[in-house]
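For reference, the structure is listed below as structure tokens.
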Number of protein chains: 2
Amino acid sequence: MLNADQTTELAELFRLLGEPNRLGIVASCLDGPLSVGEITTRLSLSQSLVSHHLRLLRAARLLKAGRRGKQIFYSIPDCHVREMLTNMVEHLIEPHELDDDINPETGVTP
Amino acid sequence: MLNADQTTELAELFRLLGEPNRLGIVASCLDGPLSVGEITTRLSLSQSLVSHHLRLLRAARLLKAGRRGKQIFYSIPDCHVREMLTNMVEHLIEPHELDDDINPETGVTP
DNA sequence: TGTTCCTATGAACACGTATTCATATGTCGC
DNA sequence: GCGACATATGAATACGTGTTCATAGGAACA
């Protein structure tokens, strides 16, 4: 199905998106390129924190950076990432199916 | 785009999949229901570790449990999760686009 | 050049969590 | 019932990492 390396690689992507602030940063960039300042104010985070997160997202190619004047704009690098994210968002928004509950005692469906 | 709660909820899913062993467990269940023992041997993990991870995955509805005889089988609960994962896997396997490198000095594309 | 604006970086801390060990719970066959 | 098998659980630990504070780098403009 998926070898160990691929699993680790994919998990690394998930891990980066698994932090709410970081996911928020990436999600906000889905609309279009955003400067660090804009991200900072939109998400009400400290500039330093945003910058640290951007560094990781950049390194993982989940975001790309480009300077325009004094500011630096971050955006989704390619359609792969964009589709991945929009897919996930759609799946989140779609209503969940209702299936058997799990017995909290045994951890097993009766 | 995505409000704070939705972001947190989605991030929680990503976080769970962001651990290689946990992702491996879920991925191995894509083929079909697997008992705890099978997962343990396939991934060469300790039984305790697998069980701990299964607990989290169960709680997050990323996996569902069902007993058959002495053993307990885990499987993908619905098509949402399955599609999500297969999408991600496909995106990972597809060849990556080649775009501008980032200047390691400035962290900016030249 | 000096100043201001915008972003990046490094150190330090606090906190969560993945893993292990030991033990408990539960199920089937005798 | 008792044994063996399969899974779950709890405590303890070691490690990573998200956040903050302070500071540095770089670009535009007087």
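By convention in this document, chain letters (A, B, ...) are assigned in the order of the sequence lines, proteins followed by strands, and residues within each chain are numbered from 1. Quantities reported herein were computed from a predicted structural model and do not represent experimental measurements.
For the pair B:Lys70 NZ and C:dT27 P, the interatomic distance rounds to 12 Å; values are reported in whole Å. What separates CD of B:Glu12 from C1' of C:dT17 is a distance of 12 Å, to the nearest Å. What separates CZ of A:Arg55 from C1' of D:dT19 is a distance of 16 Å, to the nearest Å. Remark: C1' of D:dT9 and CZ of B:Arg58 are 11 Å apart, rounded to the nearest angstrom. Taking atom CG of A:Leu43 as the reference point, atom P of D:dG18 lies 16 Å away to the nearest angstrom. As a whole-Å value, the separation of A:Gln47 CD from D:dT23 P is 15 Å. Atom-to-atom, CD of B:Glu19 to P of D:dT17 comes out at 11 Å; the value is rounded to the nearest Å. Taking atom CZ on A:Phe14 and atom P on C:dA18, their separation rounds to 15 Å, with Å as the unit.
Nearest heavy atom pair, residue B:Gly18 against residue B:Pro20, reads O-CD, 3.8 Å. Scanning all heavy atoms of the two residues, the minimum distance from B:Cys29 to B:Leu34 falls at SG-CB, 4.4 Å. The minimum heavy-atom distance between B:Val26 and B:Ile76, with the atom names listed, is O-CD1, 3.9 Å. Among all heavy-atom pairs drawn from A:Ser28 and A:Arg42, the shortest one is O-NH1, 4.2 Å.
For C:dT7, neither phosphate oxygen OP1 nor OP2 lies less than 4.0 angstrom from any side-chain nitrogen or oxygen of A:Ser51. The phosphate of D:dT17 has OP1 or OP2 within less than 4.0 Å of a side-chain N or O from A:Arg15. In terms of phosphate contacts, B:Asn21 brings a side-chain nitrogen or oxygen within less than 4.0 Å of OP1 or OP2 of C:dT19. The phosphate of C:dA8 has OP1 or OP2 within less than 4.0 Å of a side-chain N or O from A:Tyr74.
In this structure, the nucleotide among C:dG26, C:dA18, C:dC6 sitting nearest to the side chain of B:His53 is C:dA18. Nearest nucleotide to the side chain of B:Ser35, out of D:dT7, D:dG26, D:dT20: D:dT7. When distances are taken from the side chain of A:Gln71 to each of C:dA8, D:dT19, C:dC6, the shortest belongs to C:dC6.
Contact annotation: the side chain of B:Leu85 approaches that of B:Leu17 to within less than 4.5 Å [non-hydrogen atoms, C-beta and beyond].
On a pure distance criterion of 3.5 Å, a polar donor-acceptor pair joins the side chain of A:Ser48 and the base of C:dT9.
Lacking a ring centre under 5.5 Å from that of the base six-membered ring together with a plane angle below 30°, B:His52 does not count as stacked on C:dT19.
Among the protein residues, B:Arg68 comes within range of no part of the nucleic acid, since none of its heavy atoms lies under 4.0 Å from any strand.
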